[in-house]
Protein chains: 2
Amino acid sequence: MPTPHQSRADRRRATEARILDGARELFAERGFDRTTIRAVATSAGVDPALVMQYFGSKRELFTAAVQAAPAPPPDAGPDTLVDQLLATLGLKLGGLPEGTLAMMRSMLTDPAAADHARVALGRQIDGIGAALPEDAEPELRAALVVSALLGVSVGHQLLGLSPLREAPADRIAALLRPALAALTTPAP
Amino acid sequence: MPTPHQSRADRRRATEARILDGARELFAERGFDRTTIRAVATSAGVDPALVMQYFGSKRELFTAAVQAAPAPPPDAGPDTLVDQLLATLGLKLGGLPEGTLAMMRSMLTDPAAADHARVALGRQIDGIGAALPEDAEPELRAALVVSALLGVSVGHQLLGLSPLREAPADRIAALLRPALAALTTPAP
DNA sequence: CCGTTCGCTCAACACCTGTTGACCGAGCTG
DNA sequence: CAGCTCGGTCAACAGGTGTTGAGCGAACGG
């Protein structure tokens, strides 16, 4: 008997979490369209109808699964801007959070995910742009930085390009650092 | 009467081209999964069954539509490596070819498109890596360059990030140039 | 201990998809 | 001009999808 006696509410929270975890994993692996509610239900050991009953629709399940980004602690380190940027790659700690991967996976084919991605990236761009000198096209520079890092994440985590997959994280960071510095530093 | 009298073979080539064009456009806009054969047929003013009869299956239609990359002429200019890289962004000439966009659009959600993308990017990586000094992790540097440029393309052409959409092409190139130089140049 | 809540399942609907085979009629060939 | 070729359409099938409503049975509350 699995986890002998727990309250009804506990069981509910548990299965809800199981559904959410399976959904996140499948959405991250196959994207929104190719992830079927039936597959999510099976992965949680549950009837498809229950998934609907809990989350209302496939869309709401997706946004619920994606929103569960644990938001990394501010960490308060006196890091340089470039180091903060490299941290967003999630190179250490075994990759980006699965919810982020799920959103990235679907952002090119699902308009809702694309909107979500645009605002998330826009927020990052604004944050970086605010840290750049005003006379150096800060928004454009920030957008290029974010896009470049997005590309590295895509190539690494979603496409699995072999040179990136096989390289140690600190080598990637070391090679990227001067490039990001060049992008964020106005020509003298 | 549209284009009065043409041979049967001419008409055939014409409708085939019309189907291929519509397919490329729709695949580029919505990706593989969300593009329906019925929609392609409608866009070409034709019955869905004809699309199948011409291309055999949706997959073959996709690969046929994507393969039609006109392959930019070598141009033989004595460009620097960085300039060649910037050229691959298709910043001038109104964006990348639609077949390339179609492949990019689907590469995160369709395994076949992902394979296609991996070999295409792999080819680019090998080409760039061969031009880098052997003692400077050329493959990794090349992969980072290609990924970063991929990210900029995605952000610009597929996501439509406003700072990139609104910026003139030569500003993007100018800001990217030193960063690419830093990526392709081993530390002194 | 009994009635009610509620987590959960079953079976089905309505829809859309890729794909197929029969068929029509205009153009080609002899 | 007769017969075949073949570009093209029509109608349908089979499978998979999100979504729904009725219902069951165990845990809850009094």
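Chain A is the first sequence line, chain B the second, and so forth, proteins listed ahead of strands; every chain is numbered from 1.
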Salt bridge or not for Asp21(A) and Arg18(A), using N-O below 4.0 Å?
no
Tyr54(B) side chain N/O closer than 4.0 Å to the phosphate oxygens (OP1, OP2) of dG8(D)?
yes
Taking only side-chain nitrogens and oxygens of Ser57(A), does any of them come within less than 4.0 Å of OP1 or OP2 of dG18(D)?
no
[X] [atom1] - [N] [atom2] separation (whole Å):
| X | N | atom1 | atom2 | value |
| --- | --- | --- | --- | --- |
| Glu16(B) | dG7(D) | CD | P | 10 Å |
| Lys58(A) | dT19(D) | NZ | P | 8 Å |
| Arg11(A) | dA27(D) | CZ | P | 9 Å |
| Arg8(A) | dG25(D) | CZ | P | 15 Å |

Could you spell out the base pairing of DNA chain C in dot-bracket, with Watson-Crick or G-U pairs whose two distances are under 3.5 Å, [ ] crossing and | to another strand?
||||||||||||||||||||||||||||||
Can you tell me how far CD of Gln157(B) sits from CG of Leu164(B), rounded to the nearest 0.5 angstrom?
9.5 Å
Covered region of DNA chain C, 5' end to 3' end, by chain A [heavy atoms, under 4.0 Å]
dT5(C) to dA12(C)
Asp47(B): what forms a salt bridge (Lys or Arg N to Asp or Glu O under 4.0 Å) with it, not counting sequence neighbours?
none
Distance-only donor-acceptor pairs under 3.5 Å for side chains of residues 122-130 of chain B, two or more places apart:
none

Leu132(A) versus Ala142(A), closest heavy-atom pair with distance:
CD1-N, 4.1 Å
In residues 44-52 of chain B, what residues come within less than 4.0 Å of DNA chain C, judged by heavy atoms?
Ala49(B), Met52(B)
Assign each of Arg18(B) and Arg38(B) to its nearest nucleotide of DNA chain D by heavy atoms, then name whichever residue's nucleotide is nearer the 5' end.
Arg18(B)
Would a distance-only check, ignoring hydrogens and angles, find a side-chain to backbone donor-acceptor pair under 3.5 Å from Arg141(A) to Leu175(B)?
no
Do any N or O atoms from the side chain of Arg34(A) and from the backbone of Phe27(A) form a donor-acceptor pair under 3.5 angstrom?
no
Is there a side chain to side chain contact (heavy atoms under 4.5 Å, CB included) between Leu89(A) and Leu176(A) once you walk through the steps?
CA-CA 11 Å; Leu89(A) 275 182; Leu176(A) 239 29; 3.7 Å; yes
Candidates Arg12(B), Arg13(B), Arg8(B) - the one meeting side-chain hydrogen bond (donor to acceptor under 3.5 Å, both in side chains) with Asp10(B):
Arg13(B)
Under 6.0 Å from the CD atom of Glu137(A), do we count more than 12 heavy atoms belonging to anything else shown?
yes
For residues 49-58 of chain B, run the donor-acceptor check on the side chains, cut-off 3.5 Å, and write out each pair with its distance to 0.1 Å, sequence neighbours left out.
residue: Ser57(B); atom: OG; partner: Arg59(B); partner atom: N; Å: 3.4
residue: Ser57(B); atom: OG; partner: Glu60(B); partner atom: N; Å: 3.3
residue: Ser57(B); atom: OG; partner: Glu60(B); partner atom: OE2; Å: 3.3
residue: Lys58(B); atom: NZ; partner: Phe32(B); partner atom: O; Å: 2.9
residue: Lys58(B); atom: NZ; partner: Thr35(B); partner atom: O; Å: 2.9

